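Reviewing the structure listed below.
What you see is a predicted model; the values in this text were computed from it and never measured.
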Protein chains: 2
Amino acid sequence: MYTLAKACSHHNHGHCISDAINSARQLCDERGVRLTSLREQVLELVWQSHKPLGAYTLMDMLAEASTRRVAPPTVYRALDFLLEEGLIHRINSLNAFIGCPSPTQKHQSHFLICQNCSVAVELESQALNQSIIDAAADSGFSVTSHSIEINGLCPSCQASANKESK
Amino acid sequence: MYTLAKACSHHNHGHCISDAINSARQLCDERGVRLTSLREQVLELVWQSHKPLGAYTLMDMLAEASTRRVAPPTVYRALDFLLEEGLIHRINSLNAFIGCPSPTQKHQSHFLICQNCSVAVELESQALNQSIIDAAADSGFSVTSHSIEINGLCPSCQASANKESK
DNA sequence: AGAATTAAGGTTATAGTGTAACATAATGTC
DNA sequence: GACATTATGTTACACTATAACCTTAATTCT
Ligand SMILES: [Zn+2]
Ligand SMILES: [Zn+2]
Ligand SMILES: [Zn+2]
Ligand SMILES: [Zn+2]
């Protein structure tokens, strides 16, 4: 799991990409599912940044990279596969997709989303998970999945905002 | 705030509707904003059930009720107003809207959504709110808003499922 | 290896969701 | 009533996602 501080500040992002691709290959191999070149290419495009990207943006990037036209179903099918295998998540409030840094551990989609720089990072909190389970149980609700999307400002954008206001 | 048990079982739903309309009128009056007949009509349609409804469904209901054609911007503008005033919420994972039973108290959008009967009810948990604030603070993230969408089975659908499997 | 089967991707068309831009009507202010 | 403001009507379009059908590639089974 990457920290928010890392994702929204300067870092060697090549490592993020190669780590994601490598663990995806291993994971797919272990599960006996096929990480085809198209799927890998889409995963790599998703990982170009820590910002969620829309399907049509990915489609354009794909078209640009391969000098051939790409139609929506092509990218959506790849995205469906990646979602299914937990290699990416979908941010519902943005209609956008982002790479998962820890696809081997099954987990729910919980995100911090900076409304200034658009960076989104996963939030992992056992206390938060427990709060959800408890709250649902109080209502007699049986939980199968949940998503949390928290909007606000990442540390670097808070710093910029403070400078501005001085 | 309605309980989940009430919303997903038989109850006098007329009360839900009239309560919602009455408090909306009062709230808009106090705030000096106009609950026009169109806005009130959309609010009433949203409250026809405890299930989130899409904008186009509402548009069709509106057209059917008023024997005149209604275009998307008409319903979206009414929905925007109702969202702005906190009279309804948007369920991002469903692209749908649902009435808020407690619009006078400002709060975030936290929902339990039954994947069987589609009923969605708000979840109010101070512990959950605190968990979010704490988890975000740990990352140095400054929160402005958040939404939680929990999918699963409501009590009555759990009961039905148990019967089925016997 | 060759045939049968399955999985993945290509292609076209269309469904579903949401807005921009501009015109008209209603409301509020002086 | 003149004027500014707000709300709604209208048309056209942008963005997001899927259905249906066909072709190609990979896997499986003799
Ligand atoms: Zn990175
Ligand atoms: Zn930021
Ligand atoms: Zn009710
Ligand atoms: Zn149910």
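Straight-line distance from the CE atom of B/Met59 to the P atom of D/dG9: 13 Å, rounded to whole Å. Look at CG on A/Asp60: it is 10 Å from P on D/dC15, rounded to the nearest Å. Atom C1' of nucleotide C/dA8 and atom CG of A/Asp80 are separated by 13 Å, given to the nearest angstrom. Rounded to whole angstrom, the span from the CZ atom of B/Phe97 across to the C1' atom of C/dG16 amounts to 13 Å. As a whole-Å value, the separation of A/Glu84 CD from C/dA7 C1' is 15 Å. Spacing between atom OH of B/Tyr76 and atom P of D/dC13 amounts to 19 Å, rounded to whole angstrom units. Rounded to a whole Å, the CG atom of A/Asn92 is 16 Å from the C1' atom of D/dC15. Regarding A/Asn95, its CG atom lies at a distance of 18 Å from the P atom of D/dA14, rounded to whole Å.
Inter-residue side-chain proximity for A/Val42 and A/Leu62 is flagged as met; some heavy-atom pair is nearer than 4.5 Å. Under the 4.5 Å side-chain criterion, counting only non-hydrogen atoms from C-beta, A/Asn116 is not in contact with A/Cys154.
Ranked by how close their nearest DNA chain C nucleotide is to the 5' end, A/Ala78 and A/Ala71 are led by A/Ala78. For the pair A/Pro73 and B/Pro72, nearest-nucleotide mapping onto DNA chain D gives the more 5' position to B/Pro72.
Side-chain proximity of B/Arg69 to D/dT11, D/dG9, C/dT11: nearest is D/dT11. In this structure, of D/dT11, D/dT16, C/dG10, it is D/dT16 that holds the atom nearest to the side chain of A/Tyr56.
OP1 or OP2 of D/dT8 has not a single side-chain nitrogen or oxygen of B/Thr74 nearer than 4.0 Å.
Between A/His110 and A/His146, the ring planes lie tilted relative to each other; the angle falls in the 30° to 60° range.
When hydrophobic clusters are built by joining Ile, Leu, Val, Met, Phe, Trp and Tyr residues whose side-chain heavy atoms come closer than 4.5 Å, directly or via intermediates, B/Leu153 is not grouped with B/Leu4.
The side chain to side chain contact (heavy atoms under 4.5 Å, CB included) test with A/Phe97 singles out one residue from A/Thr57, A/Ile91, A/Leu83, A/Leu82, and that residue is A/Leu83.
Of the residues in residues 26-45 of chain A, those with a non-hydrogen atom less than 4.0 angstrom from any atom of DNA chain D are A/Arg34.
When ring centroids are compared, B/His13 and B/His11 come within the 6.0 Å threshold.
Scored by the side chain to side chain contact (heavy atoms under 4.5 Å, CB included) test, A/Ala120 finds A/Pro52, A/Ile98, A/Phe111, A/Ile113 as partners (sequence neighbours excluded).
Interface remark: the A/Arg77 side chain does form a donor-acceptor pair with the C/dG10 base, using a distance-only criterion of under 3.5 Å.
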